[in-house]
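Before any comments, here is the structure.
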Amino acid sequence: IVNATSGVDGVGEGEAFDFNGTDSAIEVSDSPSLSGLTEFTISSWLNLDSGGSFQGIVSKGPDVSGTGSTEFKLLVASSDFVRFAISSGSTEQEITSTGPLKLSQWSHVAATWDGLNMAIYINAALAATGERASMQDTTSNLLIGANPDGSSGAATSAANFIDGKIDEVRFYNQALDSHQIWQLYS
């Protein structure tokens with residue numbers, strides 16, 4: 001945990017982490033459960049304090065500028081739309097939600113990949129779809145609240161820090177269906 005504050009009010013009974021938008025992130029060590037993925041789901045609750053382009057929610061892999069080397073990333077992009085990207089070598093496939101997140105309000109954000117089909121859900125509603133047939137595997141750590149910037153993929157060299165709260169981050173080694181996403185939301 002780098003400069004993120006724990007113990008703030010979250011969704012339901014739990015507590016969330018508050019990220020300052022300038023240098024806070026949580027780094028999770030790479031493990032076998034995060035490597036060699038053939039499908040996965042990322043799920044979290046998000047409450048943005050301020051809008052802006054490119055605020056990382058969850059990402060894995062170093063993002064060496066221009067090489068598309070991030071394994072995957074879920075982030076808030078331009079005008080507070082949600083973007084989900086998967087890379088394979090030097091190419092990256094991105095999908096972007098059809099609508100923006102609301103500031104100062106909890107939103108459930110989920111992204112799925114079943115080995116081909118990508119999807120973004122906001123508050124359990126399907127918000128974007130696309131396709132990516134493969135994904136590179138990295139030994140980089142998972143970052144929460146930022147995107148990697150540089151060759152290490154570590155929180156100490158991260159960028160695109162989120163300004164807001166993140167709660168109940170979940171990672172599944174399967175692509176959840178819309179009913180399962182609804183259950184996480186409700």
Side-chain angles (χ1 to χ4, degrees), residues 1-12 14-31 33-35 37 40-65 69-87 92 94-97 100-113 120-123 127 138-172 184-185:
I1 300 173
V2 179
N3 298 322
T5 305
S6 63
V8 298
D9 287 340
V11 176
E15 296 178 338
F17 281 92
D18 193 2
F19 298 84
N20 63 22
T22 57
D23 65 356
S24 55
I26 297 173
E27 188 170 1
V28 179
S29 296
D30 189 37
S31 69
S33 65
L34 294 172
S35 295
L37 300 170
F40 67 92
T41 298
I42 304 166
S43 168
S44 73
W45 285 91
L46 180 64
N47 186 333
L48 294 175
D49 291 335
S50 65
S53 187
F54 304 105
Q55 298 185 57
I57 303 170
V58 179
S59 60
K60 185 175 187 296
D63 190 4
V64 181
S65 184
S69 62
T70 300
E71 192 169 337
F72 60 81
K73 58 187 169 187
L74 180 62
L75 57 99
V76 179
S78 300
S79 302
D80 304 323
F81 286 72
V82 176
R83 181 173 293 162
F84 177 41
I86 295 176
S87 294
E92 182 174 86
E94 298 178 342
I95 58 174
T96 303
S97 66
L101 295 174
K102 293 185 174 156
L103 298 180
S104 303
Q105 178 177 317
W106 284 105
S107 296
H108 184 260
V109 176
T112 65
W113 179 62
I120 296 172
Y121 295 85
I122 299 175
N123 295 329
T138 71
T139 58
S140 296
N141 295 335
L142 184 81
L143 289 180
I144 300 170
N147 283 330
D149 185 27
S151 60
S152 73
T156 54
S157 66
N160 307 122
F161 296 97
I162 202 154
D163 183 18
K165 297 164 204 61
I166 298 177
D167 197 11
E168 297 185 13
V169 174
R170 297 177 183 194
F171 190 89
Y172 299 89
L184 292 175
Y185 170 68

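- A 4.5 Å side-chain heavy-atom check between Phe84 and Ile95 finds at least one atom pair inside the cut-off.
- Contact check on Asp80 versus Lys102 returns no salt bridge, with no Lys/Arg side-chain nitrogen under 4.0 Å from an Asp/Glu carboxylate oxygen.
- In this structure, Phe161 and Asn3 have side chains that are not in contact, with every pair of non-hydrogen atoms separated by 4.5 Å or more.
- When Val76, Ile166, Asp163 are each tested for a side-chain contact (heavy atoms from CB on, under 4.5 Å) with Leu48, only one passes: Val76.
- Side chain of Ser59 to backbone of Ala146: a donor-acceptor contact under 3.5 angstrom is found.
- A distance-only check finds no donor-acceptor pair linking the side chain of Asn147 to the backbone of Asn160 [under 3.5 Å].
- Counting only heavy atoms from C-beta outward, the side chains of Val2 and Asp23 never approach each other to under 4.5 Å.
- Nearest approach of Leu75 to Phe54, heavy atoms of both residues: CD1-CD2, 3.7 Å.
- Within the 4.5 Å cutoff, the side chain of Val169 has no heavy atoms near those of the Ile26 side chain.
- When side chains are defined from C-beta on, Lys165 counts as touching Asp49, because their heavy atoms get closer than 4.5 Å.
- Counting heavy atoms from C-beta on, the side chains of Ser43 and His108 come closer than 4.5 Å.
- Looking at Gln55, its side chain does come within 3.5 Å of a backbone N or O of Ser50 through a donor-acceptor pair.
- Between Phe72 and Phe171, the ring planes lie parallel to each other; the angle is under 30°, not in the 30° to 60° tilted range.
- Minimum interatomic distance between Ser97 and Phe81 (heavy atoms only, all atoms of both residues): O-CD2, 2.9 Å.
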**Test side chain to side chain contact (heavy atoms under 4.5 Å, CB included) applied to Trp106 and Asp167, step by step** = CA-CA 9 Å; Trp106 284 105; Asp167 197 11; 3.9 Å; yes
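- Contact check on Asp30 versus Lys60 returns a salt bridge, with a Lys/Arg side-chain nitrogen under 4.0 Å from an Asp/Glu carboxylate oxygen.
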**Request:** Using the side chain to side chain contact (heavy atoms under 4.5 Å, CB included) rule, take Leu46 and Val82 through it: C-alpha gap first, then chi angles, then the decisive distance, then the call.
**Result:** CA-CA 11 Å; Leu46 180 64; Val82 176; 5.8 Å; no
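- For Tyr185 and Tyr121, the gap between ring centers reaches or exceeds 6.0 Å.
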